[in-house]
Amino acid sequence: MIKLIASDIDGTLVPDGEHGLNPEYFDVILKLRQKGIQFAAASGRQWASIEAIFEPVKEKIFYLSDNGAYVGCCGRNLFLNPMDRELALEFIQAVRRTPELEVVVGGPDVDYVETKDPKLLDLLVNGYQFKVKQVEDVTQVTDHIIKVSAYKPFGIQEAAAGLVTEFQDRLKIAVAGDMWVDSMAIGVSKGQAIRTLQENLNIAPEETMTFGDQMNDLEMLERAYYSFAVANAREEVKKTARFLADTNKNHGVLKVLKQLL
């Protein structure tokens with residue numbers, strides 16, 4: 001019996017660049033809850049962004065935000081995995097040395113930016129619905145740092161290749177689509193967040209279903225027997241998942257959940 005379902009958001013539940021969720025998901029999530037099945041939204045997004053997307057059922061789901069660095073529900077943080085501050089600052093300086101990259105520093109509740117780029121600010125505030133604070137120097141932020149992201153509108157993997165090589169042994173580096181490369185503390189991942197939920201709710205991988213499309217979803221897929229890649233997923237993700245769902249544009253996850261019900 002399935003007891004836990006976890007899904008990525010961008011590229012899995014919604015096409016990249018879109019931010020609204022098919023309202024049918026809310027009804028399905030409530031029906032799953034009635035059957036004793038928990039639902040978790042797992043994303044590189046900030047928890048406030050996840051809450052905004054799932055507003056009608058926000059008190060009925062778990063948030064696995066910032067690629068698993070933050071685990072919470074009902075607006076309450078349950079588990080937090082901050083980065084080593086000196087290492088986070090070193091990564092920030094490395095992002096700054098690459099002119100075409102912007103840096104976004106994630107705190108538990110607010111993302112900090114130095115950027116003056118109106119398109120990036122619009123994406124964060126109006127697109128993702130992040131809580132954002134503009135500062136002169138993100139290295140002076142005294143908040144816990146749970147994620148540092150490098151951003152480029154397209155071609156992020158090529159632009160950030162040097163960052164990945166330099167820090168991959170000291171930080172958890174996750175490629176999240178064509179715009180973001182995220183860094184977290186070693187050991188942090190969506191998969192580890194799923195494991196935390198499984199252990200605390202006494203749920204086995206054989207009772208877990210997960211959905212993803214990108215490299216930062218691989219560990220999450222590995223924590224579930226019923227692992228699904230959406231049809232628009234990267235080939236590496238399709239090879240990791242046991243099953244294939246329809247594309248995000250065709251609401252592949254929704255189809256599987258309806259079939260489960």
Side-chain angles (χ1 to χ4, degrees), residues 5-29 32 39-58 61 63-68 102 104 111 117 119-130 132 149-160 174-182 190 209-221 224 226-241 243-260:
I5 297 170
S7 179
D8 171 54
I9 298 175
D10 298 289
T12 302
L13 296 183
V14 299
D16 286 323
E18 296 183 17
H19 304 288
L21 195 62
N22 184 327
E24 284 191 71
Y25 277 108
F26 306 136
D27 182 54
V28 167
I29 288 170
L32 291 169
F39 184 88
S43 176
R45 291 176 180 239
Q46 181 189 88
W47 74 262
S49 174
I50 296 176
E51 182 175 81
I53 293 172
F54 288 89
E55 174 66 29
V57 293
K58 65 182 182 181
I61 68 172
Y63 312 147
L64 313 182
S65 72
D66 298 282
N67 290 314
E102 295 272 11
V104 178
D111 276 11
D117 179 358
K119 291 184 178 180
L120 176 54
L121 290 170
D122 181 67
L123 175 66
L124 294 173
V125 176
N126 299 314
Y128 294 134
Q129 299 185 61
F130 282 8
V132 174
S149 300
Y151 166 83
K152 190 174 186 290
F154 55 88
I156 186 66
Q157 291 188 61
E158 294 78 11
V175 178
D178 199 41
M179 295 189 294
W180 299 98
V181 166
D182 299 328
K190 294 181 184 180
M209 179 180 287
T210 55
F211 299 87
D213 76 306
Q214 279 290 341
M215 301 297 286
N216 62 340
D217 298 320
L218 293 179
E219 293 95 340
M220 176 173 69
L221 295 174
Y226 297 96
S227 56
F228 285 81
V230 286
N232 54 281
R234 292 174 60 120
E235 286 304 312
E236 300 95 325
V237 179
K238 292 178 182 178
K239 291 178 181 178
T240 299
F243 306 100
L244 188 67
D246 203 346
T247 65
N248 50 18
K249 291 183 179 179
N250 290 332
H251 309 295
V253 176
L254 187 61
K255 290 178 180 178
V256 174
L257 297 185
K258 284 183 173 181
Q259 187 176 14
L260 175 63

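Only this structure's heavy atoms are used, side chains among them; waters, hydrogens and symmetry mates stay out. Note that the numbering runs from 1 along the sequence shown for the chain.
- In this structure, I61 CD1 and I50 CD1 are separated by 7.0 Å, a value rounded to the nearest 0.5 Å.
- One finds a salt bridge joining E235 and K238 here, because a Lys/Arg side-chain nitrogen approaches an Asp/Glu carboxylate oxygen to under 4.0 Å.
- Atoms CE and CG, on M215 and D217 in that order, are 10.0 Å from each other to the nearest 0.5 Å.
- A donor-acceptor contact closer than 3.5 angstrom links the side chains of E51 and Y63.
- Checking side-chain atoms of N232 against main-chain N and O of G11 turns up a donor-acceptor pair under 3.5 Å.
- Between the side chain of S43 and the main chain of S65, no donor-acceptor pair closer than 3.5 Å is present.
- Rounded to the nearest 0.5 angstrom, H251 NE2 and Y25 OH are separated by 7.5 Å.
- Checked by atom type and distance alone, the side chain of N250 never pairs as donor or acceptor with a backbone atom of G252 at under 3.5 Å.
- Contact check on D10 versus R45 returns a salt bridge, with a Lys/Arg side-chain nitrogen under 4.0 Å from an Asp/Glu carboxylate oxygen.
- D178 places no side-chain N or O within 3.5 Å of a backbone atom of P153 that could act as its donor or acceptor partner.
- At distances below 3.5 Å, not a single donor-acceptor pair connects side-chain atoms of Y226 with backbone N or O atoms of T210.
- Without hydrogens or angle criteria, D27 side chain to E24 main chain gives no donor-acceptor distance under 3.5 Å.
- No hydrogens or angles considered: a donor-acceptor pair under 3.5 Å links the side chains of T12 and D213.
- Residues meeting the side chain to side chain donor-acceptor pair (under 3.5 Å) test with S149, sequence neighbours left out: D182.
- Every side chain to side chain contact (heavy atoms under 4.5 Å, CB included) that L260 has, sequence neighbours left out, goes to I2, I5, L32, I37, M209.
- Taken to the nearest 0.5 Å, the CD atom of Q259 stands 12.0 Å off from the CG atom of L254.
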